[in-house]
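Since the structure comes first, as structure tokens, the remarks are kept for the end.
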Amino acid sequence: MEFRRYFRLAAVALAFAGFTGATHADSTAKAPVRPLGVIELFTSQGCNSCPPADELFAKFAAQDDMVALAYHVTYWDYLGWQDELGSKDNTDRQYAYMRAFGARSVYTPQAVINGRTHVNGAKSEDVNGALANLAETGQGMNVDLKVTDNGDTFTIEVGAATGPASPAHVVIVHYQPPQVVDLQKGENKGRSVTYWNAVTDLHTAGMWHGQTQRFELPKSEVEKKGGCAVLLQAVGKDGVPGPILGAAVVRKPSKTAL
């Protein structure tokens, strides 16, 4: 399935305009501090190899200097337990990464780091090693993203590239608060697992062409969907996801389920 399927039009109005002047900020504005990286975990409640990865992922999700997103997939549902957080869109995104990496199959738990490489999501040394290596080779977060709370809206300001830049998608990702799930069937029967930042929706708000730009999101729509993050992600000519150039958390949800 083409990558454009998960870059659906936003369900809410997103006002988009070029941004060249001084910023309108208030006391709640977040400085454009670049995160250490973006971890996208592909996991499943029906996979017996995933609980250790889910536990490790929770530690990254709790860090303020990391953008961590969990995509629950559906292809293990046949083992006896249907993932309550799974979706076809999440599965499609993983298959798109498979094509981007030139792989022949998908697997869980898979951690995609900065949209550039992937490792076993249950191995702390592999995840941290990939983050460190990408940072050392200049493949970390290279573009600033600044989030401002304006009362009724959130403003996302995307910085300019420091060198030649190709167009990238500004991707809005919504995710759920952490929640505990009691697994009653399947390979993980009897386990109680806490799942963090389970993705429920993602869509493209617009395109970035290397210059400073601003995007505005209605606060009421953001808050009713839980957590929200923004990714600045390149897309290949054949529509597959590419490197993530910048990222920020727009809103962290409250830990209502814990």
Side-chain angles (χ1 to χ4, degrees), residues 1-3 5-6 8 11 38-63 66-101 103-113 115 118-128 130 173-203 224-229 241 249 251-258:
M1 183 168 294
E2 297 296 329
F3 191 55
R5 277 184 61 88
Y6 6 96
R8 301 185 302 276
V38 176
I39 298 173
E40 296 178 276
L41 177 69
F42 292 90
T43 184
S44 172
Q45 295 175 0
C47 166
N48 63 8
S49 299
C50 287
D54 298 319
E55 183 177 355
L56 175 62
F57 177 82
K59 297 178 181 179
F60 289 114
Q63 294 181 207
M66 192 73 64
V67 176
L69 303 166
Y71 299 83
H72 287 246
V73 299
T74 57
Y75 49 80
W76 294 124
D77 288 356
Y78 79 94
L79 294 176
W81 176 260
Q82 183 174 344
D83 194 315
E84 298 176 356
L85 304 173
S87 74
K88 185 177 182 297
D89 284 345
N90 290 347
T91 303
D92 287 345
R93 182 165 174 83
Q94 187 180 26
Y95 272 93
Y97 270 127
M98 179 193 75
R99 297 195 296 275
F101 296 138
R104 294 185 177 182
S105 62
V106 294
Y107 66 94
T108 55
Q110 180 189 37
V112 175
I113 314 298
H118 63 100
V119 298
N120 187 325
K123 295 185 177 181
S124 176
E125 63 275 17
D126 290 356
V127 177
N128 285 311
V173 186
H174 297 282
Y175 56 90
Q176 295 187 9
Q179 55 191 292
V180 179
V181 177
D182 294 323
L183 306 176
Q184 301 172 12
K185 297 180 181 179
E187 293 189 341
N188 292 316
K189 180 180 179 181
R191 285 180 177 265
S192 181
V193 182
T194 301
Y195 293 104
W196 286 67
N197 298 8
V199 171
T200 57
D201 178 62
L202 73 163
H203 54 260
K224 73 181 183 182
K225 293 185 178 182
C228 181
V249 173
R251 178 180 183 269
K252 277 193 173 184
S254 60
K255 303 176 183 179
T256 55
L258 295 181

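The model shown is predicted, which means the values in this text are computed figures rather than measured ones.
A130 and V119 make their closest contact through CB-CG1, 4.2 Å (heavy atoms, listed as atom of the first residue, atom of the second, distance). Minimum interatomic distance between D77 and Q82 (heavy atoms only, all atoms of both residues): OD2-CG, 3.4 Å. The nearest pair of heavy atoms linking P52 to A122 is CB-CB, 4.3 Å. Nearest heavy atoms, L85 versus A198: CD1-CB, 3.8 Å. The minimum heavy-atom distance linking A61 with A68 is given by the pair CA-CB, 3.8 Å. Across every non-hydrogen atom of P253 and G227, the tightest pair is CD-CA, 3.5 Å.
Scored by the side-chain contact (heavy atoms from CB on, under 4.5 Å) test, S192 finds V180, D182 as partners (sequence neighbours excluded). Residues forming a side-chain contact (heavy atoms from CB on, under 4.5 Å) with A100 (at least two apart in sequence, or on another chain): V240. Partners of F57 under the ring pair (Phe, Tyr, Trp, His ring centres under 6.0 Å) rule, at least two apart in sequence or in another chain, do not exist in this structure. Scored by the side chain to side chain donor-acceptor pair (under 3.5 Å) test, Y175 finds no partners at all (sequence neighbours excluded). Partners of M98 by side-chain contact (heavy atoms from CB on, under 4.5 Å), not counting sequence neighbours, listed by chain and number: Y95, A103, V106. Applying the ring pair (Phe, Tyr, Trp, His ring centres under 6.0 Å) criterion to Y195, with sequence neighbours excluded, gives H72. Not counting sequence neighbours, the partners of D54 by the side chain to side chain donor-acceptor pair (under 3.5 Å) test are T43. Scored by the side chain to side chain donor-acceptor pair (under 3.5 Å) test, E84 finds no partners at all (sequence neighbours excluded). The side-chain contact (heavy atoms from CB on, under 4.5 Å) search around K123 returns N120, E125, D126, not counting sequence neighbours. The ring pair (Phe, Tyr, Trp, His ring centres under 6.0 Å) test applied to F101 returns Y97, H118, not counting sequence neighbours. Residues satisfying the side chain to side chain donor-acceptor pair (under 3.5 Å) criterion with N128, sequence neighbours excluded, are S124.
The distance from the NZ atom of K189 to the CG atom of L183 is 12.0 Å, given to the nearest 0.5 Å. For the atom pair CZ (R191) and CG (N48), the distance works out to 8.0 Å, reported to the nearest 0.5 Å.
Within the 4.5 Å cutoff, the side chain of S49 has no heavy atoms near those of the T108 side chain. H174 has its side chain within reach of H203: a pair of non-hydrogen atoms, C-beta onward, lies under 4.5 Å apart.
If you check the side chains of S87 and N90, you find a donor sitting under 3.5 Å from an acceptor.
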(message) Would I113 and I39 count as a side-chain contact (heavy atoms from CB on, under 4.5 Å) here? Give the steps.
(response) CA-CA 5 Å; I113 314 298; I39 298 173; 4.0 Å; yes

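Applying the salt bridge (Lys or Arg N to Asp or Glu O under 4.0 Å) test to pairs two or more places apart or on separate chains, those with a residue in residues 38-48 are E40-R93.
Applying side-chain contact (heavy atoms from CB on, under 4.5 Å) to S44 and the options W76, Y71, W81, Y75 leaves one that passes, W76. Partner of Q45 under the side-chain contact (heavy atoms from CB on, under 4.5 Å) criterion, chosen from N188, V181, V73, L79: V181.
Side chain of E55 to backbone of V193: no donor-acceptor contact under 3.5 angstrom is found.
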